[in-house]
There are 2 protein chains.
Amino acid sequence: MSPQATARPTLREQQLKLREDVILREVNALLAEKGYDLMTVDEVAARVGIAKPSLYKHFESKEALAAAAMVRLLERTRAAIEAQPADAAPIDRLKGVVRWALHEHLRGQMPSLPSTRSTLRDSLVRHPGYIDLLIDVSDRLGAWIADAQRKKALAPRLPPEAILYTLFARACDPVSDYLKLSGNFSDDEIVDLVTATCFDGLAARRD
Amino acid sequence: MSPQATARPTLREQQLKLREDVILREVNALLAEKGYDLMTVDEVAARVGIAKPSLYKHFESKEALAAAAMVRLLERTRAAIEAQPADAAPIDRLKGVVRWALHEHLRGQMPSLPSTRSTLRDSLVRHPGYIDLLIDVSDRLGAWIADAQRKKALAPRLPPEAILYTLFARACDPVSDYLKLSGNFSDDEIVDLVTATCFDGLAARRD
DNA sequence: GTCTATAAATCGATAGAC
DNA sequence: GTCTATCGATTTATAGAC
């Protein structure tokens, strides 16, 4: 053990942070698997390998647990946005983010959008960090959308917010689940299919 | 009161059927509003205006209640399919069904798709009438899809089942909820927007 | 900080009187 | 068939020992 181990509280804090990250990863997977309402705190504790009261030492409630997991998801989303090549056309950067989200979804790591009538939604809007991050992510995507519409790569007539909502919704589109369940497609094919129908539509194109 | 009133048991059966229809309408609305897991049997009874045990005289469990409501929804879907003009192009008939579903959604009458990991899904596949109706509806839509692809109105490269799943998914697309929540669009505009992005995609079209 | 044990509330389902 | 009252199971959350 290093001499700083007892002197600095930082190491312990790092361990704490590490454990909380394990917790949030499991919460994220459970949110994707069964949603907020069906996820039980007992199950989270069991998967992490600790007792339930220990979990409540880290997070004060089930809602706080889910909110923290959603914040983490938004942070990873922002990272995916920043990872897009700066020299690519804005529409291709948008496609890249959608493809990243679809891959996460197929890996069972993408919780559904907080439904407009969900229990979770109310507590999320009260969570300070969540709204800020959501606005940040929306602003970055919104800038690309406006840019792509100016370049006439995205349909100029569509309201930008309709495009933004559609991109968010495709990230947890049940279509990918059903395609996966059919067993006729690989994950890459499913990502290609959903991305294509999202941007190009179901109707045939002449261009 | 007609003379047959006491002689025939049919009248009482009609009243029974009528009450069950009221129940299923409320269940349908509640399924659309909060989903199967958050819907409580107490709430259904309260909305119908009867006590919970009375509800259990009509339906033996919460699952049976939801399954009956989903069957009723599929029957109305089949009716909407049959209501499409026979002389219209197949792609326009498909659009007509999607538009009907979106209007139902905006009226709060369209439950979400039974998620691949839902509690409800397992009991639905065991319900005899449900699967038959689902196959019937899928077959009718599938015939139109094949027809539209032959005529090159729908993208010929897309797997027909991907198109079918996409149409089902758009009926309960959360995008419509968020557009409605924004308050910037009328119901008709939302239906137009979602239908357009579904068939034409987000990317600009030259045709 | 982690555990065992339990409180408090909710929900699906039923017993039994009318 | 409809009601009041209640059971049994599940789940969130906490008390208290270590």
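These values consider heavy atoms only, across backbone and side chains, with no hydrogens, waters or symmetry-generated copies. The sequence lines fix the lettering, A, B, ..., with proteins before strands; numbering per chain opens at 1.
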How many angstroms lie between atom [atom1] of [X] and atom [atom2] of [Y], to the nearest 0.5 angstrom?
| X | Y | atom1 | atom2 | answer |
| --- | --- | --- | --- | --- |
| B:Cys198 | B:Leu167 | SG | CG | 5.5 Å |
| B:Ile91 | B:Gln149 | CD1 | CD | 10.0 Å |
| B:Asp37 | A:Thr119 | CG | OG1 | 10.0 Å |

Does A:Tyr36 have any ring-ring contact (aromatic ring centres under 6.0 Å, His included) partners at least two apart in sequence or in another chain, and if so, which?
none

What pairs with B:Tyr178 under ring-ring contact (aromatic ring centres under 6.0 Å, His included), at least two apart in sequence or on another chain?
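Checked B:Tyr178 against ring-ring contact (aromatic ring centres under 6.0 Å, His included); matches are A:Tyr165.
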
For [X] and [N], what is the distance between atoms [atom1] and [atom2] respectively, to the nearest whole Å?
| X | N | atom1 | atom2 | value |
| --- | --- | --- | --- | --- |
| B:Lys62 | C:dA13 | NZ | C1' | 12 Å |
| B:Tyr56 | C:dG16 | OH | C1' | 18 Å |
| A:Leu55 | D:dA15 | CG | C1' | 17 Å |
| A:Phe59 | D:dA13 | CZ | P | 14 Å |
| A:Leu30 | D:dT12 | CG | P | 11 Å |
| B:Leu18 | D:dG1 | CG | P | 14 Å |

Mind listing the side-chain donor-acceptor pairs of residues 134-142 of chain A below 3.5 Å, one per line with the distance, residues two or more places apart or on another chain?
unit_1: A:Asp136; atom_1: OD1; unit_2: A:Arg140; atom_2: NE; d: 3.1
unit_1: A:Asp136; atom_1: OD2; unit_2: A:Arg78; atom_2: NH1; d: 3.0
unit_1: A:Ser138; atom_1: OG; unit_2: A:Leu134; atom_2: O; d: 2.7
unit_1: A:Arg140; atom_1: NH1; unit_2: A:Glu82; atom_2: OE2; d: 3.0

Go through the structure and list residues passing salt bridge (charged side-chain N to carboxylate O under 4.0 Å, His left out) with [X], not counting sequence neighbours.
| X | answer |
| --- | --- |
| B:Asp147 | B:Arg150, B:Lys151 |
| A:Glu43 | A:Lys34 |
| A:Arg76 | A:Glu104 |

Salt bridge (charged side-chain N to carboxylate O under 4.0 Å, His left out): which pairs involve residues 158-172 of chain A, sequence neighbours left out?
A:Arg170-A:Asp173, A:Arg170-B:Asp173

Got a sec, which pairs hit salt bridge (charged side-chain N to carboxylate O under 4.0 Å, His left out) with one end in residues 48-60 of chain A, sequence neighbours left out?
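Qualifying pairs: A:Asp42-A:Lys52.
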
Close N or O pairs between protein and nucleotides 3-5 of chain C (under 3.5 Å):
unit_1: C:dC3; atom_1: OP2; unit_2: A:Ala51; atom_2: N; d: 2.4
unit_1: C:dC3; atom_1: OP2; unit_2: A:Ser54; atom_2: OG; d: 3.1

Output the residues of residues 34-46 of chain A in contact with DNA chain D, where contact means a heavy atom of the residue under 4.0 Å from an atom of the strand; sort by number or write none.
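A:Met39, A:Thr40, A:Val41, A:Asp42, in order of number.
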
Taking only heavy atoms on the protein side, list every residue of residues 118-125 of chain A lying under 4.0 Å from any atom of DNA chain D, sorted numerically.
none

In which stems does DNA chain C show up, taking only runs of three or more Watson-Crick or G-U wobble pairs whose two distances fall under 3.5 Å?
C:1-18 with D:1-18

D:dG1 phosphate, OP1 or OP2, under 4.0 Å from B:His58 side-chain N/O:
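Result: no.
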
Determine, for A:Phe185 and A:Lys180, whether the Lys NZ or Arg CZ falls below 6.0 Å from the six-membered ring centre while staying within 45 degrees of the axis.
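Geometry flag: not set, cation outside 6.0 Å or 45°.
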
Has A:Thr77 got a side-chain atom pairing as donor or acceptor with A:Leu73's backbone, closer than 3.5 angstrom?
yes

